[in-house]
Student: 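Before anything else, here's the structure in question.
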There are 2 protein chains.
Amino acid sequence: MIDPAPAALTARKTPRQSRAKVTLDAIFEAAIQVLIRDGMASLTTTRVAERAGVSVGTMYQYFPNKQALIYALNARYLEALAERIEATCQSQHGAAINQMIDALIDTYWRAKTERAEATRALYKSVVEMDNDALVQRFAARTNEATRAMLISAPNVQFRSPDITHLTLVTVIFGAVRNVFERNLDPPDAEALRVELIAMCQAYVAAARL
Amino acid sequence: MIDPAPAALTARKTPRQSRAKVTLDAIFEAAIQVLIRDGMASLTTTRVAERAGVSVGTMYQYFPNKQALIYALNARYLEALAERIEATCQSQHGAAINQMIDALIDTYWRAKTERAEATRALYKSVVEMDNDALVQRFAARTNEATRAMLISAPNVQFRSPDITHLTLVTVIFGAVRNVFERNLDPPDAEALRVELIAMCQAYVAAARL
DNA sequence: GAATTATATGAAGGATCATTCAGCTTTTGG
DNA sequence: CCAAAAGCTGAATGATCCTTCATATAATTC
């Protein structure tokens, strides 16, 4: 079901010397900054290279084409995000269900807030690249983790655990993303975060056997 | 707060003869089909014109540039969507709160489902075009309508109506969009629709004074 | 310190595409 | 039926920008 990274999009070579690692990081960071400032439409290889302080040729040593750069950028981001979510799920294993919900929302929310602009810019670039596979892989990982967490809750039997889990995940991720895309002002956003937690908790209370 | 359509993106002229109306519709439909088939990245003016069965020049009679075409396409779609939501809100004015929620989710869900592929393709193109203004206008309209509906519910007093309203709208729209972007298979999607309604209803029950 | 390997350069090639415009056809109004 | 208006055409223009590669420099190895 879930495809690995297509050959056309994989890195050309991995850096062996430390200066090359620095270069690669600079390229990634430059790409993010260009995305934030100008958006995907005006992200050109030259502009990224310029901002990174290297020449275009250097970029092409590591990526076979522009798409591969964006792909790697998103893979990197989603990897980090998935790890954070997995960590939260593991740390909440066996906790009270209400606390799980609180922690999950908190983690996802925090991850989005920390570099809100970068997050928005990156999200747009995934959509534009049409890279469902990347997102699907991310979804599968987090699904696994959140599911394992939820069914470990003590003293809770759900009528249909899978559906309840799917609902929670879809609502939480969808709502949080919506908040950031609509760019609500901080007080509203904060109020909404609290309400979202309340809502999910009200839901699980009603979904119990 | 909310900007009107930028001059650079407004239509060049409106069709006077009926054959021109046909042409314009063909162009819009062609654009949608190209978006579905090839995505925004490979949507070229020539390709759209070809598919519409007209020449490029014709397109430029109605739109000053490619962006304006995509802009108009999205404006059209969001206009229709907003109208449907407003109609639902008006028809549910004064109804029981649980029924309102049901109706609102139903309307939005149905709108997304009817031409799911087109909806997805269009959504991607808005994101890509960076046209927040368009989306903001849509959000403002639906906000107005849903708010008016909710506060008309009899026998319901909320602790903080504005926050409850904001939460409901954000969660519903966010979750539904998430379902379609994740492309869940129909049985899961249908189960989720039912659960989402239950969740919102559980929430309003808990948010009452 | 010489040979090998890794990294970096950036001008030039070449492909793609948005956009124009001079001329043509169809419709309309009188 | 005819003049004016509306609509349509598509080759040509020009700009943008991805990608290559011949060459140069730096690091590593032995």
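Per chain, numbering begins at 1; letters A, B, ... match sequence-line order.
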Student: Under 30°, 30 to 60°, or over 60°: which ring-plane class applies to B:W109 and B:F180, parallel, tilted or perpendicular?
Tutor: perpendicular

Student: What is the distance, rounded to the nearest whole Å, between atom OH of B:Y62 and atom P of C:dT20?
Tutor: 16 Å

Student: Under the 3.5 angstrom rule, does the side chain of B:N74 hit a backbone N or O of B:I70 as a donor-acceptor pair?
Tutor: yes

Student: Tell me if the CD atom of B:E190 is crowded by more than 12 foreign heavy atoms within 6.0 Å.
Tutor: yes

Student: Flag the pair A:E114 and A:R110 as a salt bridge only when some basic side-chain nitrogen lies within less than 4.0 angstrom of an acidic carboxylate oxygen.
Tutor: no

Student: Looking only at heavy atoms, what is the nearest atom pair of A:A26 and A:A52, with distance?
Tutor: O-CB, 3.6 Å

Student: For B:K13 and D:dA6, what is the distance between atoms NZ and C1' respectively, to the nearest whole Å?
Tutor: 6 Å

Student: Does the pair A:E79/A:R76 count as a salt bridge with the N-to-O cut at 4.0 Å?
Tutor: no

Student: Quick one: is D:dT9 close enough that its OP1 or OP2 comes under 4.0 Å of any side-chain N or O from B:T58?
Tutor: yes

Student: Quick one: is D:dT9 close enough that its OP1 or OP2 comes under 4.0 Å of any side-chain N or O from B:S55?
Tutor: yes

Student: When you compare the protein's N or O atoms with those of nucleotides 16-19 of chain D, which come within less than 3.5 Å of each other, and at what distance?
Tutor:
from   : atom 1 : to    : atom 2 : distance (Å)
D:dC18 : OP1    : A:K66 : NZ     : 3.2
D:dC18 : OP2    : A:T45 : N      : 2.7
D:dC18 : OP2    : A:T45 : OG1    : 2.6
D:dT19 : OP2    : A:Y60 : OH     : 2.7
D:dT19 : OP2    : A:K66 : N      : 2.9
D:dT19 : O5'    : A:Y60 : OH     : 3.4

Student: Are any of the side-chain nitrogens in A:E128 or A:K124 under 4.0 Å away from the carboxylate oxygens of its partner?
Tutor: no

Student: Shorter than 3.5 Å, N or O on both sides, protein versus nucleotides 22-25 of chain C: list them out with atom names.
Tutor:
none

Student: Nearest 0.5 angstrom please: A:Q92 CD to A:D106 CG, how far?
Tutor: 9.5 Å

Student: Write down the distance between NZ (B:K21) and P (D:dC8), rounded to a whole number of angstrom.
Tutor: 12 Å

Student: Does a salt bridge link B:E86 with B:R141, judged by any charged N lying under 4.0 Å from a carboxylate O?
Tutor: yes

Student: Does B:R37 pair with B:E117 as a salt bridge, N-O distance under 4.0 Å?
Tutor: no

Student: Would you kindly give the CE-to-P distance between A:M59 and D:dC21, to the nearest whole Å?
Tutor: 16 Å

Student: Shorter than 3.5 Å, N or O on both sides, protein versus nucleotides 28-30 of chain C: list them out with atom names.
Tutor:
none

Student: Once you round it to whole Å, what is the distance between P of C:dT4 and CZ of A:R16?
Tutor: 18 Å

Student: Rounded off to whole Å, could you give me the CD-to-P distance for the B:E50 and D:dC8 pair?
Tutor: 17 Å

Student: Would a line drawn from the ring center of B:Y203 to the ring center of A:Y203 be shorter than 6.0 Å?
Tutor: no

